[in-house]
Novice: 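So that we are looking at the same thing, I have put the structure below in C-alpha cells.
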Amino acid sequence: QVQLVESGGGLVQAGGSLRLACAASGRAFSTYVMGWFRQAPGKEREFVARISWSGSSTVYTDSVKGRFTISRDSAKNTVYLQMNSLKPEDTAVYYCAAAKTLTIRTHGYDYWGQGTQVTVSS
C-alpha cells in the first residue's frame, strides 16, 4: 500500500515556474515507477511524465518536453515535477501516481494522490 500526497500547486503567470512535490508513504518507494498526470476541466486525465525506479529513465509527453523535469529523491520518498515556461494550456489538476511497471498508461498505475491545482494565467 502506498499513499501519495501532492503539494506545490498554485496560480502563476504565463512564462513562470512551479515545482510540484509528491510525498510517498511506506518503505517500498524505490520499487515503484512514479508518474505525473494532469486533468483539465472537461478533458480526460492525460500522461505528463514518468520516472523509473532508479531515476535513470524518464519519459515526457511531447507538449512538455524541454519545459518540465521529473526527478525523485529516494531518501525523502518524494518525486518532483519542475515546470518552467508555463503556458495557460498547462492549467489542470496534477496528480502523481505509482506503478509497478514502466508504463505511461493511466490504467497501469495502482496508486494515486488527491491532486493539486495548477493555474496559469495569460
Side-chain angles (χ1 to χ4, degrees):
Q1 190 81 7
V2 177
Q3 292 185 330
L4 304 172
V5 179
E6 302 97 336
S7 62
L11 173 63
V12 64
Q13 289 187 334
S17 298
L18 282 174
R19 187 175 81 154
L20 305 183
C22 173
S25 66
R27 303 177 184 177
F29 178 71
S30 61
T31 67
Y32 287 92
V33 172
M34 299 299 297
W36 284 98
F37 292 76
R38 66 187 180 186
Q39 187 166 19
K43 294 187 177 181
E44 293 187 355
R45 191 170 299 188
E46 65 171 356
F47 167 78
V48 175
R50 71 104 177 110
I51 188 166
S52 62
W53 307 271
S54 67
S56 61
S57 169
T58 57
V59 174
Y60 300 89
T61 193
D62 286 346
S63 62
V64 308
K65 285 180 181 177
R67 300 189 298 122
F68 290 12
T69 303
I70 187 171
S71 61
R72 65 190 298 164
D73 185 336
S74 294
K76 296 182 178 179
N77 278 13
T78 300
V79 61
Y80 302 97
L81 185 68
Q82 178 67 44
M83 305 185 295
N84 299 328
S85 301
L86 283 161
K87 304 175 181 180
E89 51 263 44
D90 294 319
T91 295
V93 177
Y94 283 71
Y95 300 89
C96 72
K100 281 294 189 179
T101 61
L102 281 173
T103 180
I104 64 171
R105 298 186 310 115
T106 305
H107 296 304
Y109 285 77
D110 303 303
Y111 302 102
W112 292 82
Q114 82 289 350
T116 185
Q117 176 71 46
V118 171
T119 303
V120 184
S121 63
S122 58

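Worth knowing before you read on, the calculation uses all heavy atoms, side chains too, and leaves out hydrogens, waters and symmetry mates.
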Novice: Rounded at 0.5 Å granularity, tell me how far CZ in R38 sits from CD in E44.
Specialist: 14.0 Å

Novice: So, the side chain of T91 versus the backbone of V120: is there a donor-acceptor pair under 3.5 Å, distance only?
Specialist: yes

Novice: Using the rule that two of Ile, Leu, Val, Met, Phe, Trp, Tyr join whenever any of their side-chain heavy atoms come within less than 4.5 Å, decide whether V59 and V33 are in one cluster.
Specialist: yes

Novice: Do S63 and K87 have side chains that get closer than 4.5 Å, going by heavy atoms?
Specialist: no

Novice: Below 4.5 Å, heavy atoms only, C-beta onward: do T78 and R72 meet side chain to side chain?
Specialist: no

Novice: Between R45 and A40 (side chain of the first, backbone of the second, donor and acceptor by atom type, cut-off under 3.5 Å), is there such a pair?
Specialist: no

Novice: Counting only heavy atoms not in E46, do more than 12 fall under 6.0 Å of its CD?
Specialist: yes

Novice: Can you tell me how far the CD atom of Q39 sits from the OH atom of Y94, to the nearest 0.5 Å?
Specialist: 12.0 Å

Novice: Start with the C-alpha distance between L102 and S52, add both sets of side-chain angles, then the distance that settles side chain to side chain contact (heavy atoms under 4.5 Å, CB included), and finish with yes or no.
Specialist: CA-CA 7 Å; L102 281 173; S52 62; 3.9 Å; yes

Novice: Would you say V118 ends up clustered with L4 if hydrophobic residues are merged whenever their side chains have heavy atoms under 4.5 Å apart, either directly or through other cluster members?
Specialist: yes

Novice: To the nearest 0.5 Å, how far apart are CE in M83 and CG in L18?
Specialist: 4.5 Å

Novice: Above 12 or not: heavy atoms from other molecules or residues under 6.0 Å from NZ of K100?
Specialist: yes

Novice: Minimum heavy-atom separation for S122 to P88, with atom names?
Specialist: CB-CG, 3.8 Å

Novice: Please report the shortest heavy-atom distance between V48 and V64, naming the atom on each side.
Specialist: O-CG2, 3.8 Å

Novice: Transitively linked via ILVMFWY side-chain contacts under 4.5 Å: I51 with F68?
Specialist: yes

Novice: Working to the nearest 0.5 Å, report the span between OH of Y111 and SG of C96.
Specialist: 13.5 Å

Novice: Is W53 reaching over with its side chain to a backbone N or O of S30, donor-acceptor style, under 3.5 angstrom?
Specialist: no

Novice: Is there a donor-acceptor pair closer than 3.5 Å between any side-chain N or O of R67 and the backbone N or O of S85?
Specialist: yes

Novice: With a 3.5 Å distance limit and no angle check, can you tell me whether S56 reaches the backbone of S54 through a side-chain donor-acceptor pair?
Specialist: no

Novice: Grab the two heavy atoms, one from A24 and one from F29, that are nearest each other, plus how far apart they are.
Specialist: CB-CD1, 3.5 Å

Novice: Ignoring hydrogens and angles, tell me if any N or O in the side chain of T116 forms a donor-acceptor pair with the backbone of G9 under 3.5 Å.
Specialist: yes

Novice: Just verifying a value: how many Å separate M34 CE and T58 OG1, rounded to the nearest 0.5 Å?
Specialist: 14.5 Å

Novice: Nearest 0.5 Å please: distance from the CG atom of N77 over to the CD atom of Q3.
Specialist: 12.5 Å

Novice: Side chain of Y60, backbone of I70: donor and acceptor closer than 3.5 Å?
Specialist: yes

Novice: Yes or no on side-chain hydrogen bond (donor to acceptor under 3.5 Å, both in side chains) for S17 and N84, after CA distance, side-chain angles and deciding distance?
Specialist: CA-CA 4 Å; S17 298; N84 299 328; 2.9 Å; yes

Novice: Would a distance-only check, ignoring hydrogens and angles, find a side-chain to backbone donor-acceptor pair under 3.5 Å from E6 to L20?
Specialist: no

Novice: Give me the atom names and distance for the closest heavy-atom approach of Y95 to G113.
Specialist: CD2-O, 3.6 Å

Novice: Hey, is D62 close enough to K65 for a salt bridge, meaning N to O under 4.0 Å?
Specialist: yes

Novice: Specify the closest pair of heavy atoms between A49 and L81, including all atoms of both residues, with the distance to one decimal.
Specialist: CB-CD1, 4.4 Å

Novice: Is T101 reaching over with its side chain to a backbone N or O of T103, donor-acceptor style, under 3.5 angstrom?
Specialist: no

Novice: I want to check a possible cation-pi pair here: R19 against Y80, using under 6.0 Å from ring centre and within 45° of the ring axis as the test.
Specialist: yes

Novice: Which heavy-atom pair separates F37 from I104 by the least distance, and what is that distance?
Specialist: CE2-O, 3.8 Å

